[in-house]
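Data block below; observations after.
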There are 2 protein chains.
Amino acid sequence: MAPRKPSARVTIRTVAADAGVSVAAVSKVLRNAYGVSDALRAKVQESITRLGYRPHAAARGMRGQSYTLGVILPDLTNPFFADIMAGIDAALERTEYQPLLGVGQSSPAVELELVDAMLDRQMDGLILLGPRMTIDRVAAIAERAPTVVMAHHPVGPTRFDTVNDDDQLGARLIVQHLAGMGYRSIVYFSQDLQFNESQVTYHREIGYRAAMTEAGLGRYISVVMAEQAPREVRTLVRQLLQGRPRPEAIFCWTDFIAFEALSVARELGLSVPDDVAIVGYDNTRYCDLAQNALTSIDQSGQLLGLQAARLLVERIKGREEAEHLVITPRLVVRASTVRKNAVSTGN
Amino acid sequence: MAPRKPSARVTIRTVAADAGVSVAAVSKVLRNAYGVSDALRAKVQESITRLGYRPHAAARGMRGQSYTLGVILPDLTNPFFADIMAGIDAALERTEYQPLLGVGQSSPAVELELVDAMLDRQMDGLILLGPRMTIDRVAAIAERAPTVVMAHHPVGPTRFDTVNDDDQLGARLIVQHLAGMGYRSIVYFSQDLQFNESQVTYHREIGYRAAMTEAGLGRYISVVMAEQAPREVRTLVRQLLQGRPRPEAIFCWTDFIAFEALSVARELGLSVPDDVAIVGYDNTRYCDLAQNALTSIDQSGQLLGLQAARLLVERIKGREEAEHLVITPRLVVRASTVRKNAVSTGN
DNA sequence: TTGTAGGCGTTATCAT
DNA sequence: ATGATAACGCCTACAA
């Protein structure tokens, strides 16, 4: 059997020899560094493409940058992350930076291992997506490498950037919409995390409470929390829907929970939205399916991802002051909150 | 502002000095290499944990392994990949290997770029998940690095391993089930790829055709192909369902397509499964939702992922002969293919 | 503007 | 069983 690598590696030295210049010159061309003549640059570029030279990332990582960005996602089941990644990819399209993903399994411990693994690998920067770890851990990471955090709100001054949608506003839009449609007892279905004021669920709760009060529905305020395991979600939703009095609407902190809620409602023979309205958050592609027709909040994952990648590259290039971007969310109304009997009453 | 890294790096030299041994000795302990006394090993281990030493992956990548494995997924929207990743993570749990993901965007060009990027970064091996590139490209990659391919069937002898479910059998199970329930005109809804006999869709088509013929339904054989963009899928499904005669059942090559089909059926006011039965493939978690209740094929993503990671590590450790694993799929029947009017006729 | 000479942290060969 | 040391490919003072 032939050995795995028959052809010798093309190094910066090969290129230099081929182009008849020094290695330093080639390195400078590679990094767009100062002090190379156009003629030299052209010669080198020509040799690079002809020889098919590719810089050895590990060697780069030892001295300079690795041109690798780490992205840590909590899980792979939420299609919302696909939109975000699309945005990140788009932002990095024309740069040398390569995003590489790790899955944090919604576990602070795994997330931290992943961060270490990525920094061991000399990644130039990190994007943390909805991290479950506490915010002081995030702060500690930001001391070690340029960091941008998404779907995780800053508290106080930070040394990392954040990109979020306005979760309080999103929740308000939902409550206002539901109240406008005549729903009064609106339950907020949140996630069971150790109390952490940087979590999006917490911000949505604030918005929910404020909007309920403003709408004169303060006495209907009710927050339920569940682990995100489907079974537990279903059990809790079932309890809610079988309770007396049954809530008129459920605002789920993310679409996935809302889909489970739709499922339970159907199993119980309840009509959505006539017996109970259901709302999600993230406006993932499954909301559009007729069997879901889920009213939800669109926070434009693409845009969020794009901005996050942009901020990270800026920071790698030297920016020191933290930037905190907030995207304005948009309500997308579908059948899950629009009563059909409005028509039948008319007849 | 404090500089990013106030504390000097703990290198193998620091550890060696601390433990009072040579650098070579530490390196041997790190790699479990032959020829270290227990006493020395203990001393070194102690220093390592006390100093919190972590090997510098880039430096490792220059001489030895990087202990990084690249996983390339076609996209992030299919929750089936979450199961596979869970299996990969589980297999790698107790090893030094770290899986890192790249998203191929269902594009051969992007996939190839990703492969280059990963090999530039000295990854020790690659797992290609449902690659869209042609099989000779895959073969070329396998010459450059240890490679395991999932959801992509080998043709002829190869230098890479594969892990697949028995796609022909899966398709047969579906057709047999549908035929047994009395459905005759069963359409196979496949993916529009340049013809490539290694794609799973192709294997499912073979199984479909064979099973249809065996069931005496040869004259009903009908294959439709679509790009995977939701809009095109919906358009084609709508054409199918509005056609005369309308097919009695649609077997979709993957769950996601089936969910779209369910949606279109509902929009057209058709009952599933009374007017049309719908089947998916992968048994993703959304199949269980009452609003989908989708009959599907379970191919145990966890197991697939686990095996793939195991094979890859074996191969990195030196195995030369290719292994080709095939997992047996299992039919999971739900309401989307079980006629309800069997009951109503009884009344 | 271009070239030379370490040095980054690790592995692996070769002595001892 | 242990240790000294030469690579690995690139970056960056510094020198020319």
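Protein chains get the first letters and strands the later ones, always in sequence-line order, with residue 1 at the start of each.
- The residue B:Tyr67 sits apart from the nucleic acid: no heavy atom pair falls under 4.0 Å.
- Residue-level contact check: B:Ala24 touches the bases, meaning some heavy atom is under 4.0 Å from a base atom.
- Exactly one of A:Ile141, A:Ile135, A:Leu126 qualifies for a side chain to side chain contact (heavy atoms under 4.5 Å, CB included) with A:Phe160. That residue is A:Ile135.
- A distance-only check finds a donor-acceptor pair linking the side chain of A:Glu111 to the backbone of A:Arg132 [under 3.5 Å].
- Between A:Asp116 and A:Arg144 a salt bridge is recorded (basic side-chain N to carboxylate O distance below 4.0 Å).
- A donor-acceptor contact shorter than 3.5 Å is absent between the side chain of B:Arg94 and the backbone of B:Leu92.
- For the pair B:Gln65 and B:Lys28, both in contact range of DNA chain C, the more 5′-proximal nearest nucleotide belongs to B:Gln65.
- Counting 5' to 3', DNA chain D first comes under 4.0 angstrom of a heavy atom of chain A and last does so at the ends given by D:dG9 to D:dT12.
- Remark: the backbone N or O of A:Met123 is not paired with any side-chain donor or acceptor of A:Arg121 at under 3.5 angstrom.
- When each of B:Arg63 and B:Arg13 is assigned the nucleotide of DNA chain D bearing its nearest heavy atom, the one mapping closer to the 5' terminus is B:Arg13.
- Side chains of B:Gln122 and A:His56: a donor-acceptor N/O pair is present below 3.5 angstrom, by distance only.
- At the heavy-atom level, B:Ser27 lies under 4.0 Å from base atoms of the strands shown.
- Sorted by first and then second residue, the ring-ring contact (aromatic ring centres under 6.0 Å, His included) pairs involving residues 11-55 of chain B (not counting sequence neighbours) form an empty list.
- Read 5' to 3', the first and last nucleotides of DNA chain C with an atom closer than 4.0 Å to a heavy atom of chain A are C:dT1 to C:dG9.
- A donor-acceptor contact shorter than 3.5 Å links the side chain of B:Arg319 to the backbone of B:Leu311.
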